[in-house]
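Single-structure report; data block below.
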Amino acid sequence: MNTQGPAKDYTETDLTIHIFSVSAALVGVCLTVIGLFQISHRLSHVKSFGEKLLAVDALIFLSSCLLAYFSLQMRRTCRQHSLERLAEEIFFAGLVMMAGICFLIVYEFV
C-alpha cells in the first residue's frame, strides 16, 4: 500500500512518461549522429570510436525506454517503483555518456 499519497504516484508516473519519450527520441539522435559520422570526412580518425560509443549510448537509451515502458505497464507498486528508479538511473548514465561524446566531437572540431 502506498503511504506517501497519490500525489507521489502521479509525479513518479509523469517522470517515467518523460523518461520513456525522451529516451526514445535520444535513440534517434544517436543514430542520426552515427549517420553524420558516415558523411563527415573531417572526423575520420575519430569516426570508428565515436560510432561505437554512440551505438552503446543508443542501446543505453533504448534500455531506459523499455524499462520505463514496462514500469508504466506494471500493476504491482513495489516492482513498478524499482523499474522506474532503474530506468531513471540508466537514462542519467546515457546522458552523461552523451555529454562525453559531445565533448569528443567538439574537441575534434576545435
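Remember, it's a predicted structure, so these values are computed and weren't measured experimentally.
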Any link between [X] and [Y] through a network of hydrophobic side chains (Ile, Leu, Val, Met, Phe, Trp, Tyr) touching at under 4.5 Å?
X	Y	value
Leu95	Val56	yes
Phe91	Leu31	yes
Ile60	Phe92	no

Between atom [atom1] of [X] and atom [atom2] of [Y], what is the distance when rounded to the nearest 0.5 Å?
X	Y	atom1	atom2	answer
Leu86	Ile19	CG	CD1	10.0 Å
Leu26	Thr32	CG	OG1	10.5 Å
Leu59	Leu54	CG	CG	11.0 Å
Met97	Phe61	CE	CZ	9.5 Å
Glu84	Glu88	CD	CD	9.0 Å
Leu72	Leu67	CG	CG	11.0 Å

Looking at [X] and [Y], what are the two nearest heavy atoms and their distance?
X	Y	value
Cys65	Phe20	O-CD1, 3.3 Å
Cys30	Met98	SG-CE, 3.5 Å
Ser64	Ala87	OG-O, 3.0 Å
Ser63	Ile90	OG-CG2, 3.4 Å

(message) Between Ser71 (side chain only) and Gln80 (backbone N and O only), is there a donor and an acceptor less than 3.5 Å apart?
(response)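 Indeed, once roles are kept as given, a pair shorter than 3.5 Å links the two residues.
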